[in-house]
Protein chains: 4
Amino acid sequence: MARIKTEIREQFMNQTRQALLNAAAEEFARQGYELANINTISNKAGFAKGTVYNYFPTKQALLLALIDDIAQEHFEHMQSAVITTEDPIGRLESFFQAGFEYVATQMHRARAMFNTVNSSNQEQKNHCFQAYQPMFQLIAAQILSPGMHQGIFRPVDPMSTALLLMTIYLGTASQVDEQGRPWLDPDQVADFVLRALRAAG
Amino acid sequence: MARIKTEIREQFMNQTRQALLNAAAEEFARQGYELANINTISNKAGFAKGTVYNYFPTKQALLLALIDDIAQEHFEHMQSAVITTEDPIGRLESFFQAGFEYVATQMHRARAMFNTVNSSNQEQKNHCFQAYQPMFQLIAAQILSPGMHQGIFRPVDPMSTALLLMTIYLGTASQVDEQGRPWLDPDQVADFVLRALRAAG
Amino acid sequence: MARIKTEIREQFMNQTRQALLNAAAEEFARQGYELANINTISNKAGFAKGTVYNYFPTKQALLLALIDDIAQEHFEHMQSAVITTEDPIGRLESFFQAGFEYVATQMHRARAMFNTVNSSNQEQKNHCFQAYQPMFQLIAAQILSPGMHQGIFRPVDPMSTALLLMTIYLGTASQVDEQGRPWLDPDQVADFVLRALRAAG
Amino acid sequence: MARIKTEIREQFMNQTRQALLNAAAEEFARQGYELANINTISNKAGFAKGTVYNYFPTKQALLLALIDDIAQEHFEHMQSAVITTEDPIGRLESFFQAGFEYVATQMHRARAMFNTVNSSNQEQKNHCFQAYQPMFQLIAAQILSPGMHQGIFRPVDPMSTALLLMTIYLGTASQVDEQGRPWLDPDQVADFVLRALRAAG
DNA sequence: TATGAATGAGAGTTCATTCAT
DNA sequence: AATGAATGAACTCTCATTCAT
């Protein structure tokens with residue numbers, strides 16, 4: 001009984017926490033970290049200013065928790081798309097498609113992440129890279145390695161190439177016009193990358 | 001006589017202006033726009049706070065003037081490297097080499113520019129793109145077009161490909177470790193891009 | 001219960017607001033709007049600088065709220081004095097007596113208002129006139145009109161004469177020596193005005 | 001010869017000084033003392049910022065010199081109008097007519113003076129009263145005294161009545177609508193005052 | 001747990017004044 | 001006499017954070 005009560009409470013707390021994270025995503029996306037306003041975030045989430053501090057000790061802790069949330073969701077979205085096929089080429093195409101899809105459907109979260117990854121604050125930037133380690137692993141282990149083993153991709157260093165692909169993904173997916181539409185399309189980018197990776201002959 | 005006096009004065013003013021721009025580059029690079037401190041900038045340049053406002057009406061105007069300064073210098077550095085050879089492949093290699101070189105030698109200016117290009121402030125971002133138009137033209141007209149005409153590069157849309165290359169350049173050149181060394185090297189990146197661009201066969 | 005709590009809180013807030021308005025009156029009276037210092041105001045009220053901005057969005061909003069407060073209090077003071085007698089002559093004498101009384105007892109508030117009414121800032125000046133509309137009505141409807149109807153006052157245009165009387169009141173009541181004592185006394189002024197208004201013969 | 005040179009120089013200096021005073025009048029009228037900008041004033045006069053300080057040691061000194069200039073001109077304008085007739089009633093009417101005329105023709109100077117007379121700065125206010133002493137004398141000695149001696153005006157205290165008339169003049173002449181037209185006209189005001197002053201019977 | 005009044009450090013900007021030219 | 005670059009004190013306003021309720 002007490003257990004159940006506790007669970008219900010936790011669920012409520014999680015709801016509040018999620019509401020705050022969602023509102024934070026929107027605000028961090030629109031304004032960037034420095035200009036983001038804690039008051040605006042809490043109000044957007046339907047709470048008062050002080051409530052944020054019941055869940056996150058500081059503004060930066062809120063951002064970093066958000067980044068963790070985003071990175072995990074982002075990773076799961078990409079992974080599930082990538083592993084639906086065995087073909088390394090298809091996987092790479094899926095990677096870019098799923099990536100652009102994520103940016104399109106989770107605009108706020110994606111932009112909050114872009115802003116943080118490009119932040120001049122080293123701590124925030126590093127936290128992003130940490131949180132995105134699984135994504136690098138995904139590229140290296142689930143796309144590049146199989147491709148090289150099957151002789152479809154030329155031999156490359158998996159980690160630095162994963163970094164390059166990730167850079168290309170982040171760079172191209174984050175460039176959008178004033179209406180939020182990307183300047184480049186994922187197939188075009190995937191095609192470009194595939195030509196660069198394909199084994200000769 | 002008056003002319004000479006005026007010229008000397010203008011030279012002095014330009015010196016002050018340049019000192020402020022240099023200090024601003026350092027501060028904007030280290031802190032990003034929002035955290036950059038006008039007082040710190042002017043002191044770094046050897047002046048009092050108010051002096052900044054004799055040269056730039058607002059903090060943002062200072063940033064945008066700096067971006068113009070950087071973009072021009074950056075462009076000139078790249079252009080002079082690119083046009084030393086007729087060979088499109090060499091030109092593309094030179095482009096990345098000169099690019100990474102610029103980032104290495106003009107660290108502050110380059111980082112200030114990266115921060116601005118990735119800013120969540122649309123006005124600042126747009127200003128960057130405007131200021132970098134010559135660079136896009138350089139890629140399209142001096143590298144891609146000749147390469148395609150000579151049958152060395154496969155046919156691509158020059159502008160969107162220039163955008164892609166620029167994105168790759170900015171993305172890869174801006175990724176540096178804590179000591180400021182790039183994670184990827186220009187030849188590796190140029191090689192990757194060349195494989196993607198080369199005409200089949 | 002919640003209602004009671006809310007009421008208590010509101011009462012507290014009103015106390016803070018009033019304390020700020022009182023401190024503001026003192027400061028605006030002594031220094032005028034431009035030289036008035038928000039920090040001084042909040043400290044005088046027993047609060048920190050930022051607290052002012054929990055109640056008034058800007059310095060000018062604080063001034064205008066104060067003007068509204070003063071105008072209402074001022075009007076109520078004058079009205080209650082005026083309507084205690086039916087006699088138009090007595091009413092006019094009461095008007096000036098109560099007016100000088102208000103200035104003497106509410107020195108800060110009165111001076112803050114004088115400063116604002118004479119401000120070179122049109123917006124502030126206009127706000128004063130708006131806030132003092134009831135006072136013009138009081139003069140026209142409760143003093144001049146009855147006086148004319150009873151044949152005690154000669155026929156005059158009520159509104160422009162109300163304006164003239166108000167001008168005379170403000171002008172004479174605001175002239176004080178270094179110790180704050182008025183140069184003219186209300187009975188003298190009332191007598192002067194009465195002679196100008198009385199019906200011939 | 002040296003004398004002549006000196007005179008020419010003085011004339012030049014006086015020209016510069018006058019240009020500065022005129023520009024100051026405009027700025028002090030529009031903005032009030034605190035918001036008036038020394039740079040704006042000097043530029044309006046066709047000089048650089050520093051030039052002001054060759055003629056006036058401080059901003060306030062500039063204001064006070066301007067007040068002296070205005071008070072003298074204002075007085076001369078009123079005096080010459082007042083003394084054209086021997087009739088005290090005509091003199092009083094002329095006083096208000098000339099007064100409103102001065103405000104209409106020397107709008108900037110008049111408004112600068114109104115702003116200063118109503119300033120919360122005691123020093124500035126007092127300086128105004130000092131500078132306007134001749135005007136009080138004019139009212140008392142050239143209008144009220146003759147009127148009383150001729151039995152046209154009832155007996156009043158000349159100085160306090162002069163103060164009252166001056167207050168009424170300043171109050172009514174300074175009230176203008178957004179187009180700068182006065183709300184009351186001088187004859188109306190003079191008529192009001194005359195009724196208050198006329199000897200009974 | 002949720003609230004929101006209070007805090008106060010900190011920032012950008014203005015501008016009277018100085019002074020070397 | 002005229003200039004205008006440099007100065008730096010002073011000000012308004014913002015906002016992350018605290019804490020009593």
Side-chain angles (χ1 to χ4, degrees), chain A residues 9 12-13 16 34-43 46-62, chain B residues 2 5-6 8-9 12-13 15-17 34-43 45-62, chain C residues 2 5-6 8-9 12-13 15-17 34-43 45-62, chain D residues 9 12-13 16-17 34-43 45-62:
Chain A
R9 168 174 291 181
F12 266 116
M13 274 195 59
T16 304
E34 299 303 336
L35 294 183
N37 185 306
I38 288 285
N39 196 26
T40 305
I41 291 174
S42 43
N43 288 155
F47 295 96
K49 197 173 359 182
T51 300
V52 170
Y53 290 89
N54 293 331
Y55 292 86
F56 308 96
T58 63
K59 187 186 178 183
Q60 172 155 300
L62 170 59
Chain B
K5 246 181 159 172
T6 303
I8 288 171
R9 167 167 291 175
F12 265 113
M13 279 196 59
Q15 267 177 246
T16 304
R17 206 186 120 99
E34 299 303 337
L35 292 183
N37 185 305
I38 288 284
N39 200 21
T40 304
I41 290 174
S42 41
N43 289 156
F47 295 97
K49 187 168 20 169
T51 300
V52 169
Y53 292 90
N54 290 336
Y55 292 86
F56 308 97
T58 63
K59 187 186 180 184
Q60 172 157 303
L62 169 59
Chain C
K5 248 182 160 172
T6 303
I8 289 171
R9 167 168 291 178
F12 265 114
M13 280 197 59
Q15 267 176 247
T16 303
R17 204 185 121 99
E34 300 302 337
L35 292 182
N37 184 305
I38 288 285
N39 199 21
T40 304
I41 291 174
S42 41
N43 289 155
F47 295 97
K49 187 170 22 170
T51 301
V52 169
Y53 292 92
N54 290 337
Y55 292 85
F56 307 97
T58 63
K59 187 186 179 183
Q60 172 156 304
L62 169 58
Chain D
R9 168 175 290 182
F12 265 115
M13 275 197 58
T16 304
R17 208 184 116 99
E34 300 303 336
L35 294 183
N37 185 306
I38 288 285
N39 197 24
T40 304
I41 291 174
S42 43
N43 288 155
F47 295 95
K49 199 175 355 183
T51 300
V52 170
Y53 290 89
N54 292 330
Y55 292 87
F56 309 96
T58 64
K59 185 185 179 185
Q60 173 156 299
L62 169 59

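The chains referred to below are lettered A, B, ... by the order of the sequence lines, with proteins before strands, and numbering in each begins at 1.
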Quick one: does B/Asn54's side chain get under 4.5 Å of B/Thr16's, heavy atoms only?
no

Considering every strand shown, what is the Watson-Crick or G-U wobble mate of F/dA2 when both distances are under 3.5 Å?
E/dT21

What is the base-pairing partner of E/dC15, counting Watson-Crick and G-U wobble geometry with both distances under 3.5 Å?
F/dG8

Counting only distance, no hydrogens or angles, is the base of F/dA2 paired donor-acceptor with the side chain of D/Asn54 under 3.5 Å?
yes

N/O (side chain, [X]) to phosphate O (OP1/OP2, [N]) under 4.0 Å:
{"X": "D/Thr16", "N": "F/dA1", "value": "no"}
{"X": "D/Asn37", "N": "E/dA16", "value": "yes"}
{"X": "C/Thr51", "N": "E/dA5", "value": "no"}
{"X": "D/Tyr55", "N": "F/dA2", "value": "yes"}

Rounded to whole angstrom units, what separation is found between the CD1 atom of C/Ile38 and the P atom of E/dT13?
20 Å

What is the separation between atom CZ on A/Phe47 and atom C1' on F/dT17, rounded to the nearest whole Å?
19 Å

When we call it a touch if two heavy atoms are under 4.0 Å apart, what does [X] touch: a base, just sugar-phosphate, or nothing?
{"X": "D/Ala36", "answer": "sugar-phosphate"}
{"X": "D/Tyr53", "answer": "base"}
{"X": "C/Asn39", "answer": "nothing"}

For B/Lys59 and C/Val52, take the nucleotide of DNA chain E holding the closest heavy atom to each; which residue's nucleotide lies nearer the 5' end?
C/Val52

Note: for B/Gly46 and C/Lys49 on DNA chain F, the residue whose nearest nucleotide lies more 5' is B/Gly46

